[in-house]
Amino acid sequence: SHQMVRDISVLGGVPGLTLIEPCCEQEVKMALEYAVKENKDSTYIRLVSIPCEVPYTLPKHYSLKKGQGVALTEGSDAVIFAYGPIMLPQAYIAAEKLESEYSISVKVVNIPWLNMINKTWLKETIGNIKKIYTLDNHLISGGQGEKIGSTIARLGLNDVSVKMMGLTEIPVCGLNDEVLAHHGMDSKAIIKRCLEAN
């Protein structure tokens, strides 16, 4: 469906099914190669069919590693975990503005794995940062953010705060920018949430 916002929660617990949402054409190619050549189980690739502006480029030597992602910006004040060509650009734009206008440095991390998180990688990525944000173009319930939050809890990182951003209801109809703004999921809303926490 063009508004499938429950698929991660529905499919995420299916044994042997890996869920991936690529963030750009380059990562789509990686995901397809992973699904066909590497994954011995089944792969569900979540694709976006509308035009998207992608303001970032993946690091030159980046490759898909199960349950791991890659930082697109460096920062020490907060981490935003996101995926796909809808939410990741919003996080990236927000991080740029937070840095330039408010001197808040945010690490934006692309993690295409929707139902699996590598605990060691996550702990290393968070490091000493105490403020964590997750973005889902999905209902918060059952989304990637919950998976990240539960992994942080299992790691025992009790001094870390996790704020999950995503849908709490079926999205309204409209242009993509309008829908994101209405549900408080665009770059302006992300900036507001980050400023409220400082």
Side-chain angles (χ1 to χ4, degrees), residues 1-24 27-28 31 42-52 54 66-69 78-95 106 108-119 122 125-126 131-155 157 160-194 196-197:
S1 168
H2 63 293
Q3 283 195 335
M4 177 52 75
V5 295
R6 292 171 286 189
D7 54 330
I8 299 173
S9 57
V10 169
L11 299 172
V14 176
L17 182 59
T18 302
L19 278 60
I20 303 173
E21 182 169 335
C23 70
C24 61
E27 203 169 43
V28 169
S42 299
T43 308
Y44 174 87
I45 301 176
R46 198 171 190 250
L47 297 174
V48 174
S49 60
I50 59 174
C52 300
V54 178
K66 201 168 187 177
Q68 300 183 36
V79 181
I80 300 176
F81 291 99
Y83 57 87
I86 300 288
M87 297 314 302
L88 197 56
Q90 299 301 317
Y92 189 87
I93 292 165
V106 178
V108 174
V109 178
N110 166 44
I111 177 159
W113 308 90
L114 303 178
N115 65 332
M116 58 186 63
I117 308 292
N118 181 299
K119 288 194 295 185
L122 183 65
T125 299
I126 292 171
K131 294 174 184 172
I132 311 298
Y133 299 88
T134 66
L135 301 180
D136 270 291
N137 63 336
H138 183 277
L139 294 169
I140 291 174
S141 177
Q144 186 197 67
E146 279 195 348
K147 180 70 72 176
I148 290 170
S150 66
T151 305
I152 288 171
R154 286 198 307 276
L155 285 166
L157 304 179
V160 170
S161 72
V162 180
K163 309 276 188 201
M164 298 177 196
M165 288 180 269
L167 292 164
T168 56
E169 60 186 346
I170 300 300
V172 298
C173 291
L175 297 174
N176 204 46
D177 291 344
E178 295 171 337
V179 174
L180 289 173
H182 176 84
H183 290 285
M185 295 168 58
D186 62 355
S187 60
K188 290 179 182 177
I190 296 166
I191 290 168
K192 184 179 177 184
R193 288 289 296 272
C194 290
E196 287 172 353

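Because the structure is a prediction, the values reported are computed rather than measured.
- The line from CG of Asp186 to CD1 of Ile93 is 9.5 Å long, rounded to the nearest 0.5 Å.
- For Ala94 against Ile190, the heavy-atom pair with the smallest separation is CB-CG2, 3.7 Å.
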### Derivation and outcome, side-chain contact (heavy atoms from CB on, under 4.5 Å), residues Met185 and Gln90
CA-CA 8 Å; Met185 295 168 58; Gln90 299 301 317; over 6 Å; no
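- To the nearest 0.5 Å, atoms CD (Glu21) and CD1 (Ile86) are separated by 8.0 Å.
- Here Thr151 contributes atom OG1 and Gln144 contributes atom CD; the two are 9.5 Å apart, rounded to the nearest 0.5 Å.
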### Task
Any chance you could lay out the side-chain contact (heavy atoms from CB on, under 4.5 Å) test for Lys192 and Glu196, step after step, and finish with the verdict?
CA-CA 6 Å; Lys192 184 179 177 184; Glu196 287 172 353; 3.3 Å; yes
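- Between the CD1 atom of Ile111 and the CG atom of Leu135 there is a distance of 12.5 Å, given to the nearest 0.5 Å.
- The residue from Leu180, Val179, Asn137 that alone fulfils the side-chain contact (heavy atoms from CB on, under 4.5 Å) condition with Pro171 is Val179.
- The two residues Ile8 and His138 have their closest heavy-atom pair at N-NE2, 3.1 Å.
- Listed for the Asn115 side chain is a donor-acceptor partner under 3.5 Å among the backbone atoms of Leu19.
- Residues forming a side chain to side chain donor-acceptor pair (under 3.5 Å) with Thr43 (at least two apart in sequence, or on another chain): Asn39.
- Smallest separation of non-hydrogen atoms from Gly69 and Pro112: CA-CD, 4.5 Å.
- Smallest separation of non-hydrogen atoms from Thr134 and Gly145: OG1-CA, 3.4 Å.
- With rounding to the nearest 0.5 angstrom, the SG atom of Cys23 is 4.0 Å from the CG atom of Asn110.
- In this structure Glu169 satisfies the side-chain contact (heavy atoms from CB on, under 4.5 Å) test together with His183, sequence neighbours excluded.
- For the pair Ile20 and Pro22, the tightest heavy-atom approach, listed with the atom from each and the gap, is O-CD, 3.9 Å.
- By the ring-ring contact (aromatic ring centres under 6.0 Å, His included) test, Tyr133 pairs with no residue at all, sequence neighbours left out.
- The salt bridge (Lys or Arg N to Asp or Glu O under 4.0 Å) analysis of residues 80-89, with sequence neighbours excluded, yields no pairs.
- We find the CD1-CE distance between Ile80 and Met165 to be 6.0 Å, quoted to the nearest 0.5 Å.
- Contact check for Lys119 versus Leu155: side-chain heavy atoms found under the 4.5 Å cut-off.
- Under the salt bridge (Lys or Arg N to Asp or Glu O under 4.0 Å) criterion, the residue pairs touching residues 7-16 are Asp7-Arg46, with sequence neighbours excluded.
- Partners of Thr125 according to the side-chain contact (heavy atoms from CB on, under 4.5 Å) rule, which considers only residues two or more places apart in sequence or in another chain, are Phe81, Lys107, Val109, Trp121.
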### Query
Could you go step by step and tell me if Asp136 and Leu167 meet the side-chain contact (heavy atoms from CB on, under 4.5 Å) rule?
CA-CA 7 Å; Asp136 270 291; Leu167 292 164; over 6 Å; no
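- Between the side chain of Asn118 and the backbone N or O of Gln68 there is no donor-acceptor pair closer than 3.5 Å.
- Contact of the Ile170 side chain with the Arg6 side chain is registered, since non-hydrogen atoms from C-beta on lie closer than 4.5 Å.
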